[in-house]
J.: 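Questions regarding the structure given below will be posed in turn.
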Amino acid sequence: MWDYSETVKEHFYNPRNAGPMPEANAIGEVGSISCGDALRLMLKVEPETEKIVDASFQTFGCGSAIASSSALTEMIKGKTLEEALAVSNQDIADFLGGLPPEKMHCSVMGREALQSAVANFRGEEWKDDHEEGALICKCFAIDSVMIEDTIRANNLCSVEQVTNYTKAGGGCSSCHEGIEEILAKVMAERGETFSPAPPPEKTRPGKLSTLERIRRIEQVIERARPNLQRDHGDIELVDVEGKTIYVAMKGACAGCQMEALTLGGIQQQMIEALGELVKLVPVKLKSPQGLVNPS
Amino acid sequence: MSTPNSLLKPIYLDNNATTRCAPEAVAAMLPYFTEQFGNPSSMHSFGAKVGHEVKAARAALQKLIGAEYDSEIVYTAGGTEADNTAILSALKASPDRKEIITSAVEHHAVLHLCDQLEKDGYTIHRLKVDGRGRIDLDEYRKLLTDKVAIVSVMWANNETGTFFPVEEMARMARDANILFHTDAVQVVGKVPINMAESAIDMLSLSGHKLHGPKGIGALYLRRGSRFRPLLRGGGQERGRRAGTENVPGIIGLGVAARLALEHMSFENTHVRALRDKLQAGILAAVPNAFATGDLDNRLPNTLNIAFEYVEGEAILMLLNKQGIAASSGSACTSGSLEPSHVMRAMGIPYTAAHGTIRFSLSRENTEEEIDRVIAAVPPIIAQLRKLSPYWDGDGPVADPEKAFAPTYA
Ligand SMILES: Cc1ncc(COP(=O)(O)O)c(C=O)c1O
């Protein structure tokens, strides 16, 4: 059975603030009976101060779902809505003395119920933007949706890369088979076949001719473009100086919040394709040729 | 978990997961860790005595399952290895047959192997079950073609105890000239078996489910059956399972087999009566609950109850707090919040499938224990329902799926 902390057990055996609250003026509901857990969070909010004067919950679910709900109500009572929204799912897990990776979704559910309740109070509509897949990596609690999205976004093709990007597979190795299956599926979608052998590019580091080096850099850029274009952006290779590769982010990608993340991913692929450490530096294109080094 | 009610003796009702190794079996095993340490294959007196006792233990197991020859028993490391050996052997022995017939409710030892074989290119036919966990023999009959390498269906389901008509299915397979294997891990030791008169070619059993030790099991392999070993190496088990014998395990399983035979009628009268009492007692006191499986055709020790609008793990934790050990088909893990594949195959509605609890008894349970469980369960369910957004006072909220309506789709 689960290795629950004493705090989890305590909150499960003696849940705080359980039961309906008829006078609630902010109600958040997440989950469903078919998923196996469902939580209704009820808050009494002082309209002038937006302070949560009382909170209660009703939960259908496992031990940690009930404990997470109980913990959440304790954590947010007395806070303003703004303060309460700063509570992350990790905060809930920490409050409980940690949750097993398989059970982290219980804390996520708590956090979502809170967002939903706040939206309800403000007369807004809250949308669940998080999709959860089957748990693949138990060591680092990474699910299939996360792995699939990361493979797709970064054109990954090996378990090693997936580990570098998501941590999945970096522990006990038992999920490598599962990761390979996801790789095979996503790679098939983009017309490639997955092969368990490590990418051959890595075998002879440092022996690339200048021409070959540029060719590989261009390949990585080309591979990254379709994804960026889908988001109405683009990337262009500007120059290569030793171990520094200058690129220009264009369209919606330029300065977007995801820029750093995208560049990080592409840089990682460059490193793997070239077998050496390189740095990817974004530059602003003033005119087609003129380049401004940001640093 | 570590917070059982310390004042009361714990009650163990999870015997389908594993049983307590009988003290007689433990006592018989101990010398084989110390003075009787010889290798039964050795050509000296250290080995000879051990070889002799292994033979006696094999005879005891042979008797329990009514096998005609003691050489039809191949010791393995447990039920899982026996299942894997049987299926993989059949595929190796008939390389041109690429289909397997099994059921949707098998133990993972068969299910996950078949999933893997499917990826390797085999065609897997998974027989469906109805709401009571019963198989459709007409569906089965149509699948029996000369493309099928093996039929592997369990004798009794570990979650509900429901029996499949394996004897009839084995005869049908034999008429179609197809090997028939059954996972009888939950049956051996609980129900009389007579392999000498059976059409079953291969049968898996496991020591720790019949008050024997863990890590020992056997594959019954009918004389004359085509066979390919899973493990190759030394000539142990007549070359059918290489590796130095697990002598203490074999000895312990021998004693467990003898004890199981002695208690066979007790299991089917006394244990069955306790199980029936437990079922009636709980269902009389808890509303919105029902027993799952084929109630008139199941193992004498197994009871699976679905409690609507509560979740299994939460029930187990509260039972455990009172020193009561049972198990749940609910697999409350991230992403796969799916109830057990057995409950899904039977089409148990989600409102109930997440709250299924298996109580599995053994000859060691007493009536006093059963009375305690009957008293403990109703308040636990009531307590959890009080927390549930799907429950309102004395019954489920009207139209639970609608009453609880998250604001997003
Ligand atoms: C029906 C069934 N088959 C196979 C097994 C696996 O047996 P073992 O634990 O000996 O490998 C079990 C035990 O959980 C079982 O219930």
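Hydrogens, waters and symmetry mates are skipped; everything else that's a heavy atom, side chains included, is used. Reminder, nothing fancy here: chain letters follow the sequence lines and each chain counts from 1.
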J.: Taking the side chain as every heavy atom from C-beta outward, state whether B:L387 and A:P15 have any pair of such atoms under 4.5 Å apart.
T.: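 With C-beta onward as the side chain, the pair touches.
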
J.: Crowded around B:K214 NZ? As in, over 12 foreign heavy atoms under 6.0 Å?
T.: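 Yes, NZ of B:K214 has more than 12 neighbouring heavy atoms, counting only those of other groups under 6.0 Å.
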
J.: Going from OG1 on A:T59 to CD on B:E311, what distance comes out if it is rounded to the nearest 0.5 angstrom?
T.: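 The OG1 atom of A:T59 sits 11.5 Å away from the CD atom of B:E311.
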
J.: Search all heavy atoms of A:G61 against all heavy atoms of B:A314 and return the closest pair with its distance.
T.: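 Distance-wise, the nearest heavy atoms are O-CB, 3.6 Å.
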
J.: Heavy atom to heavy atom, less than 4.5 Å: which residues from residues 171-182 of chain A reach chain B?
T.: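 So the qualifying residues are A:E177, A:E181.
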
J.: Hey, what do you get for OG1 (B:T351) to CZ (A:F60), rounding to the nearest 0.5 Å?
T.: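 Reported value, rounded in 0.5 Å steps: 8.5 Å.
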
J.: Would you compute the distance between atom OH of A:Y4 and atom CE of B:M317 and round it to the nearest 0.5 angstrom?
T.: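 Answer rounded to 0.5 Å: 6.0 Å.
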
J.: Tell me the closest heavy-atom pair linking A:A38 and B:P389, and the distance in Å.
T.: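 Heavy atoms only, the tightest pair is O-CG, 4.2 Å.
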
J.: Any residues in residues 77-92 of chain A near chain B, with a heavy-atom distance under 4.5 Å, and which are they?
T.: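 No residue falls under the 4.5 Å cut-off.
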
J.: Which residues satisfy the side chain to side chain donor-acceptor pair (under 3.5 Å) test with B:H211, sequence neighbours excluded?
T.: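 B:H211 satisfies side chain to side chain donor-acceptor pair (under 3.5 Å) with no residue once adjacent residues are dropped.
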
J.: Hey, is NZ on B:K119 packed in by over 12 heavy atoms from elsewhere, all under 6.0 Å?
T.: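 Result for NZ/B:K119: enclosed.
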
J.: Report which part of B:E308 has an atom under 4.5 Å of a heavy atom belonging to chain A: side chain, backbone, both, or neither.
T.: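 The answer is neither part of B:E308.
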
J.: Tell me, please, which residues at least two apart from A:R152 pass side chain to side chain donor-acceptor pair (under 3.5 Å).
T.: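 A:E148, A:E189.
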
J.: About how many Å separate OG of B:S388 and CD1 of A:I66, when rounded to the nearest 0.5 Å?
T.: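 Going from CD1 on A:I66 over to OG on B:S388, the span is 8.5 Å.
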
J.: Which value, rounded to the nearest 0.5 Å, describes the distance between A:Q58 atom CD and B:W391 atom CH2?
T.: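 The CD atom of A:Q58 sits 13.0 Å away from the CH2 atom of B:W391.
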
J.: Within the supplied structure, the quantity of interest is the number of heavy atoms (other residues, nucleotides, ligands) at a distance under 6.0 Å from B:K386 NZ; does it exceed 12?
T.: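 Check fails, neighbour count at 12 or below.
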
